[in-house]
Amino acid sequence: MRLNHPTTGLWSWIAHRLVANYWFLAACAVIAAPLAFAVSLALDRRGLTAWLLDRGLAPVASADTAKEAASVIAGIDAAFITLYFSISLIVLTIAAGNLGVRLIDRWLGRQLVRVSIAGLSFSLIFAVLTLVAIDGEAPLDETPLATFSIALLLLAVNVVMLAVALHDLGRTMFIDKAIDALAGDAGDGVRPIEGRAPFSGAFDQTIRAPLDGYVEGIDLDLLAGRLATHEGAMRICVAPGQHVLKGEPIARFERAFASPEIVKKAVPIGPFRSDSQGAVFQIRLIVEIAARALSPAVNDFYTALAAADAMAEILLRHSANWVDPDRVPVSANHPRFELPGQDFRGLFDDPLDAFRQAAADYPSVAIRMIGNYGRVMRGVSDGAGKSEGGGLHGCSKFLEAKARALRDHAVQRAQLDHDASDIRAAFERTWPTG
């Protein structure tokens with residue numbers, strides 16, 4: 001379920017919305033099927049049928065048999081695509097109800113799902129056109145045998161593909177697989193961040209959001225190219241996944257420039273949160289999965305434990321982006337742009353608080369997450385997640401503060417003294433003087 005990198009600009013966001021869905025690849029397949037059929041039929045009429053007959057490779061003995069077989073193939077293909085859509089709907093309904101509706105955005109964008117729909121659509125259109133092209137009363141040498149053979153071969157491929165696709169759909173409800181994929185995507189989407197002293201002067205120009213919505217991404221490559229000769233400090237005021245209201249600042253510039261539309265194109269705003277926003281969405285989705293798993297309706301604390309472990313993986317992968325509070329984050333690749341809120345603290349502060357609020361009533365989950373904070377801190381101290389010269393001490397203090405807040409909250413909510421003692425002991429194992 002691993003997906004591509006997050007969107008960065010307007011065109012990237014449009015391409016993601018266009019491609020990562022059920023219908024786009026299927027529509028391409030429906031368009032391609034008549035073209036492939038036309039080529040195959042032309043080859044049949046130019047001697048391919050005769051070539052098959054001369055070598056005894058005819059798949060049927062008569063045109064009437066070919067007609068009947070083509071009718072059966074078209075019917076089977078129609079049944080296959082109906083079955084796949086029906087099972088997809090059932091699986092997604094059950095999975096979304098139990099695990100979280102926002103996972104649907106990721107499932108619909110999965111390559112195997114889209115390829116399966118496209119393959120079934122292509123085969124159905126090709127089989128129907130083949131059925132139309134066969135005259136049951138014509139001589140065998142006037143029957144498009146190669147085209148019929150292709151329809152038969154596509155049916156065989158579809159039988160195998162349908163088995164693979166149905167197995168994949170069944171695994172869709174295996175939430176540990178989704179959590180692992182989310183952790184992998186969120187960890188792979190690390191953008192190198194550095195810290196520097198913030199600009200303390202006055203900004204002459206403010207670019208404001210043209211509409212309400214969520215920031216889909218920031219195309220720093222586009223901005224760096226278009227503003228290569230622009231002088232003065234530049235600050236991007238919003239982060240991917242952040243909600244903005246129309247008229248709120250999205251960028252500020254020390255010196256004004258004449259093309260503010262460039263910034264609006266580089267900072268696309270969508271109507272809802274989506275997976276195209278990258279790690280900021282994926283991290284919050286893991287928290288949502290954990291919170292839903294810990295709800296009385298689901299009560300699956302082992303899923304919450306898996307989410308806590310995934311969060312630890314992501315924390316360590318992003319720890320190199322820690323920036324001390326007295327400094328401002330900047331892109332390591334484009335250090336001219338200040339990026340407040342896009343460092344380690346900006347990415348994890350709110351989600352970890354939400355995780356604490358969900359886990360406080362479950363001692364086993366609180367103990368696991370406190371231990372994971374300690375594991376991440378040791379990884380940071382050992383250099384597993386840090387770049388040279390990073391703010392190691394500040395990151396460790398941040399993790400300790402989150403662990404302490406979780407300890408205090410969970411102890412307060414514990415219903416048994418024994419649980420409260422276990423929670424305190426989990427914290428003491430890493431921070432003995434806490």
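Nothing fancy with the numbering, it's 1 onward along the sequence. Just so it is clear, the values below take in all heavy atoms, side chains as well, and ignore hydrogens, waters and symmetry mates.
- Taking 4.5 Å as the limit, every side-chain heavy atom of Ile193 sits out of range of all side-chain heavy atoms of Trp322.
- Residues Ser123 and Asn158 bring a donor and an acceptor atom of their side chains to less than 3.5 Å of each other.
- One finds the CZ atom of Arg191 at 9.0 Å from the NE2 atom of His334 (value rounded to the nearest 0.5 Å).
- Shown here for Ser116 and Ala165, the closest heavy-atom pair between the two residues is OG-CB, 3.4 Å.
- Within the model, atoms CD1 of Ile269 and CD1 of Ile250 stand 5.5 Å from one another, a figure rounded to the nearest 0.5 Å.
- Applying the 6.0 Å contact sphere to CG of Asp417 captures no more than 12 heavy atoms from other residues, nucleotides or ligands.
- A distance-only check finds no donor-acceptor pair linking the side chain of Asn321 to the backbone of Asp343 [under 3.5 Å].
- Atom CD1 of Ile370 and atom CZ of Arg404 lie 11.0 Å apart (nearest 0.5 Å).
- The backbone N or O of Arg327 lies less than 3.5 Å from no partner atom in the side chain of Asp324, so there is not a single donor-acceptor pair.
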Item checked: Worked check of side chain to side chain contact (heavy atoms under 4.5 Å, CB included) between Phe199 and Val328 -> CA-CA 9 Å; Phe199 174 68; Val328 65; over 6 Å; no
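- We find the CD1-CE distance between Ile286 and Met311 to be 5.5 Å, quoted to the nearest 0.5 Å.
- In this structure a side-chain-to-backbone donor-acceptor pair under 3.5 Å is missing from Glu248 to Ala209.
- Under a 3.5 Å cut-off, the side chain of Glu254 and the backbone N or O of Ala233 do form a donor-acceptor pair.
- Looking at every heavy atom in both residues, Ala290 comes nearest to Ala307 through CB-CB, 3.8 Å.
- Look at Arg317 and Glu313 and you find no salt bridge, because none of the NZ, NE, NH1 or NH2 atoms lies under 4.0 Å from a carboxylate O.
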Note to self: Tyr84 vs Phe80, test: ring-ring contact (aromatic ring centres under 6.0 Å, His included). Steps then yes/no.
What the structure shows: CA-CA 6 Å; Tyr84 189 76; Phe80 277 179; over 10 Å; no
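- In this structure, Phe344 has its ring center closer than 6.0 angstrom to the ring center of Phe398.
- In this structure, the separation between CG on Leu352 and CG on Leu406 is 9.5 Å, given to the nearest 0.5 Å.
- Using a 4.0 Å cut-off between a side-chain N of Lys or Arg and a carboxylate O of Asp or Glu, Lys402 and Asp349 qualify as a salt bridge.
- The number of heavy atoms from other shown groups lying within 6.0 Å of CZ (Arg226) does not exceed 12.
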Next item on the list: Run the numbers on Leu220 and Ser331 for side chain to side chain contact (heavy atoms under 4.5 Å, CB included), then give the verdict.
Entry: CA-CA 9 Å; Leu220 290 179; Ser331 169; 3.7 Å; yes
Note to self: Determine whether Glu428 and Arg424 satisfy the following criterion, salt bridge (Lys or Arg N to Asp or Glu O under 4.0 Å), listing intermediate values before the conclusion.
What the structure shows: CA-CA 6 Å; Glu428 290 293 330; Arg424 293 191 188 97; over 6 Å; no
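- Checked by atom type and distance alone, the side chain of Gln342 never pairs as donor or acceptor with a backbone atom of Leu347 at under 3.5 Å.
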Notebook entry, point to check: Going through the distances and angles, do Arg292 and Thr303 end up as a side chain to side chain contact (heavy atoms under 4.5 Å, CB included)?
Noted result: CA-CA 9 Å; Arg292 185 178 289 265; Thr303 290; over 6 Å; no
Checklist line | Working for side chain to side chain donor-acceptor pair (under 3.5 Å), residues Asp212 and His243 | finding: CA-CA 8 Å; Asp212 306 325; His243 184 265; over 6 Å; no
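- The closest side-chain heavy-atom distance from Phe348 to Ile314 is below 4.5 Å.
- Ile150 places a side-chain heavy atom less than 4.5 Å from the side chain of Phe126.
- The shortest non-hydrogen separation linking Pro240 to Val280 is O-CG1, 3.2 Å.
- When side chains are defined from C-beta on, Leu120 does not count as touching Phe85, because their heavy atoms never get closer than 4.5 Å.
- The two residues Val263 and Ala251 have their closest heavy-atom pair at CG1-CB, 3.8 Å.
- Thr82 places a side-chain N or O within donor-acceptor distance of the main-chain N or O of Ala78, the cut-off being under 3.5 Å.
- At a threshold of 4.5 Å between non-hydrogen side-chain atoms, the residues Leu182 and Ile289 count as touching.
- To the nearest 0.5 Å, atom CG of residue Leu162 and atom CD1 of residue Ile76 are 11.5 Å apart.
- At least one side-chain heavy atom of Ile73 sits under 4.5 Å from a side-chain heavy atom of Asp77.
- Residues Arg196 and Arg336 come closest through the heavy atom pair NH2-O, 3.5 Å.
- Side chain of Glu216 to backbone of Gly241: no donor-acceptor contact under 3.5 angstrom is found.
- Residues Tyr362 and Arg413 fail the side-chain proximity criterion, which asks for heavy atoms closer than 4.5 Å.
- Glu338 and Ala197 get closest at one heavy-atom pair: OE2-O, 4.5 Å.
- Counting heavy atoms of neighbouring residues, nucleotides and ligands inside a 6.0 Å radius, atom CZ of Arg375 does not exceed 12 of them.
- The cationic group of Arg407 lies under 6.0 Å from the six-membered ring centre of Phe427 and within 45° of the ring axis, placing it in a cation-pi geometry.
- The side-chain heavy atoms of Ile207 and Pro249, taken from C-beta on, include no pair separated by under 4.5 Å.
- Salt bridge status for Arg255 with Asp204: absent, with no side-chain N to carboxylate O gap under 4.0 Å.
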Next item on the list: Assess whether side chain to side chain contact (heavy atoms under 4.5 Å, CB included) is satisfied between Tyr373 and Trp431, documenting all intermediate values.
Entry: CA-CA 11 Å; Tyr373 281 131; Trp431 296 278; 3.9 Å; yes
